[in-house]
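Here the structure is laid out as structure tokens; the discussion comes afterwards.
Whatever order the structure lists them in is the order used to number ligands and atoms, beginning at 1.
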Amino acid sequence: MTTRIVVTGTDTGIGKTVFSAGLAGLLDGFYWKPVQSGLDEETDSEAVERLAGLPSGRVLPEAHRLKSPLSPHRSAEIDGVSIEAADLAYPVLPTPLVIEGAGGLMVPINRQTRFIDIFAEWRLPVILCARTELGTINHTLLSIEALRARSIPLIGIAFIGEEVADTQRTITEFGAVRQLGRLPHLVPLTRETLRKAMFAGFDLAKIAGGE
Ligand SMILES: Nc1ncnc2c1ncn2[C@@H]1O[C@H](COP(=O)(O)OP(=O)(O)OP(=O)(O)O)[C@@H](O)[C@H]1O
Ligand SMILES: C[C@H](N)[C@H](N)CCCCCC(=O)O
Ligand SMILES: [Mg+2]
């Protein structure tokens, strides 16, 4: 089965890229970051190259690489370019493909379109990355509601951070959503520690099984 999975999250900086690297490695697939904003530090694609342990060529080139580490719609304006939904048509490959958004669901790619609108068009199954720390119940349930309102298939939640059992239970119960697993904060964060943590923390059958 060709698995195309969108990895999104409740916010920026919560661990979507690290989780995507681990997932692409587990699936032995490809990774694609359609829009990268911020080029001065390691990009998401470079991080996945470093962490996923995939053969070369499996990290696909971004459709847009924008200089400023801002919301893509603004970063594009500063660079004098415009991101159109058509630019973000995902590649059709015979192997698993992990596609990472930018920030959270409502992040705009231009002044009319947000990532969630693209995901609604794509209709691909989504994994929602969520923190476990205080504040995540609200952010996660709001994100789930937004996905459900647009009938975007939600495979489940990938928790990132230390275990907070009641928070994770509260989210899965109120959200009527599966907990796919949890990726702790890894020290050190390496290809090896990530692969080990993904095997230990996630059930691939749950993920590949779709919504
Ligand atoms: N499980 C983890 N263990 C250790 N460090 C982590 C983990 N997850 C994320 N980090 C670190 O936290 C920072 C943000 O993570 P990451 O880049 O994955 O966030 P993101 O959600 O992809 O952000 P963006 O919205 O910019 O794509 C990075 O420095 C990353 O190395
Ligand atoms: C720059 C950052 N690393 C991401 N690529 C983009 C995050 C956009 C967040 C927009 C917002 O929610 O305010
Ligand atoms: Mg990222």
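Backbone and side-chain nitrogen or oxygen atoms of G13 are examined, and one is located within less than 3.5 angstrom of a nitrogen or oxygen of ligand 1. For ligand 1, the polar-atom distance check finds an N/O of I14 within less than 3.5 Å of one of the ligand's N/O atoms. Geometrically, ligand 1 and L189 share no nitrogen or oxygen pair separated by less than 3.5 Å. At under 3.5 Å, a nitrogen or oxygen of L186, whether backbone or side chain, sits near a nitrogen or oxygen of ligand 1. Considering backbone and side-chain atoms together, S71 places no N or O closer than 3.5 Å to any N or O of ligand 2. Looking at ligand 1, you won't find any N or O of A102 less than 3.5 Å from one of its N or O atoms.
Near E100, with a cut-off below 4.0 Å to any heavy atom, the atoms of ligand 1 are 22 (O), 27 (O). For ligand 2, the atoms sitting less than 4.0 Å from at least one non-hydrogen atom of S37 are 1 (C), 4 (C), 5 (N), 6 (C), numbered in the order shown with element in parentheses. Heavy-atom proximity to H185, at under 4.0 Å, picks out these atoms of ligand 1: 1 (N), 2 (C), 3 (N), 7 (C). Using a 4.0 Å cut-off to heavy atoms of T12, the atoms of ligand 2 that qualify are 2 (C), 3 (N), 4 (C), 7 (C). Of all atoms in ligand 1, numbered sequentially from 1 with element shown, those under 4.0 Å from a heavy atom of K33 are 27 (O). The D44 neighbourhood of ligand 1 comprises atoms 27 (O), with distances under 4.0 Å to a heavy atom of that residue. Remark: ligand 1 atoms within the under-4.0 Å shell around heavy atoms of L183 are 1 (N).
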>> For F202 and F19: C-alpha separation, side-chain torsions, deciding distance, then whether ring pair (Phe, Tyr, Trp, His ring centres under 6.0 Å) applies.
In response: CA-CA 11 Å; F202 292 88; F19 173 76; 5.2 Å; yes
> For W122 and Y90, what are the C-alpha separation, side-chain angles and deciding distance, and is it a ring pair (Phe, Tyr, Trp, His ring centres under 6.0 Å)?
Replying inline: CA-CA 8 Å; W122 287 351; Y90 57 82; 5.5 Å; yes
> Should R148 and E145 be marked as a salt bridge (charged side-chain N to carboxylate O under 4.0 Å, His left out) after you check the CA-CA gap, both sets of side-chain angles, and the distance that decides it?
Replying inline: CA-CA 5 Å; R148 293 266 163 79; E145 203 162 283; over 6 Å; no
> Where do Q36 and E62 land on the side-chain hydrogen bond (donor to acceptor under 3.5 Å, both in side chains) test, with the steps shown first?
Replying inline: CA-CA 7 Å; Q36 171 66 41; E62 303 94 333; over 6 Å; no
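Within the 4.5 Å cutoff, side-chain heavy atoms of I5 are placed close to those of L27.
Ligand 1 has G103 within reach: a non-hydrogen atom of the residue lies less than 4.0 Å from it. In this structure, G104 has no heavy atom closer than 4.0 Å to ligand 2.
Counted by atom type alone, D11 and H139 present zero donor-acceptor pairs between their side chains at under 3.5 Å.
The distance from atom CZ of R65 to atom OG of S45, rounded to the nearest 0.5 Å, is 7.5 Å. Here the straight-line distance linking atom OG1 of T8 with atom CG of L105 works out to 4.0 Å at 0.5 Å rounding.
Checked for salt-bridge contact, R58 and D28 meet the test: a charged N lies under 4.0 Å from a carboxylate O. Under a 4.0 Å N-O distance rule, the pair R169/E173 qualifies as a salt bridge. Taking 4.0 Å as the cut-off between side-chain N and carboxylate O, D44 and K16 do not count as a salt-bridged pair. Under 4.0 Å is where a charged nitrogen must lie from a carboxylate oxygen, and between R195 and E192 no such pair does.
The nearest heavy-atom contact from the protein to atom 19 (O) of ligand 1 is G15 N, 3.1 Å. The protein heavy-atom contact nearest to atom 21 (O) of ligand 1 is K16 NZ, 2.9 Å. Among protein heavy atoms, the minimum distance from atom 11 (C) of ligand 2 is reached at V107 CG2, 4.3 Å. When hydrogens are left out, the protein atom nearest atom 30 (C) of ligand 1 is V18 CG2, 3.9 Å; that is the closest non-hydrogen contact.
A cation-pi arrangement is not found for R182 relative to F159, the charged atom failing to lie both closer than 6.0 Å to the ring centre and inside a 45° cone about the ring normal.
Under the 4.0 Å distance rule, the nearest protein heavy atom to atom 13 (O) of ligand 2 falls outside the cut-off. Under the 4.0 Å distance rule, the nearest protein heavy atom to atom 28 (C) of ligand 1 falls outside the cut-off. Taking a distance limit of 4.0 Å, we find that atom 4 (C) of ligand 1 is approached by some protein heavy atom. Distances from atom 12 (O) of ligand 1 to the protein include no heavy-atom value under 4.0 Å.
A donor-acceptor contact shorter than 3.5 Å is absent between the side chain of T10 and the backbone of T140. Side-chain atoms of D203 come within 3.5 Å of backbone atoms of A205 as a donor-acceptor pair (strictly under, hydrogens ignored). The closest donor-acceptor contact from the side chain of E162 to the backbone of H185 lies under 3.5 Å. Judged by distance alone, with hydrogens and angles left aside, the side-chain atoms of T113 form no donor-acceptor pair with the main-chain N or O of N110 at under 3.5 Å.
Contact annotation for P184 and ligand 1: only backbone heavy atoms (N, CA, C, O) come within less than 4.0 Å of the ligand. Residue-level proximity to ligand 1 for R131 is absent, since no heavy atom of it falls below 4.0 angstrom. Residue contacts with ligand 1 for V187 are absent, since no atom lies close enough (heavy atoms, distance under 4.0 Å).
The Mg ion (ligand 3) is closest to atom OE2 of E100 (considering only N, O or S atoms).
Annotation: angle subtended at the Mg ion (ligand 3) by D44 OD2 and T17 OG1 is 90°, to 10°.
Looking at T193, D11, T12, T17, it is T12 that brings a heavy atom closest to atom 26 (O) of ligand 1.
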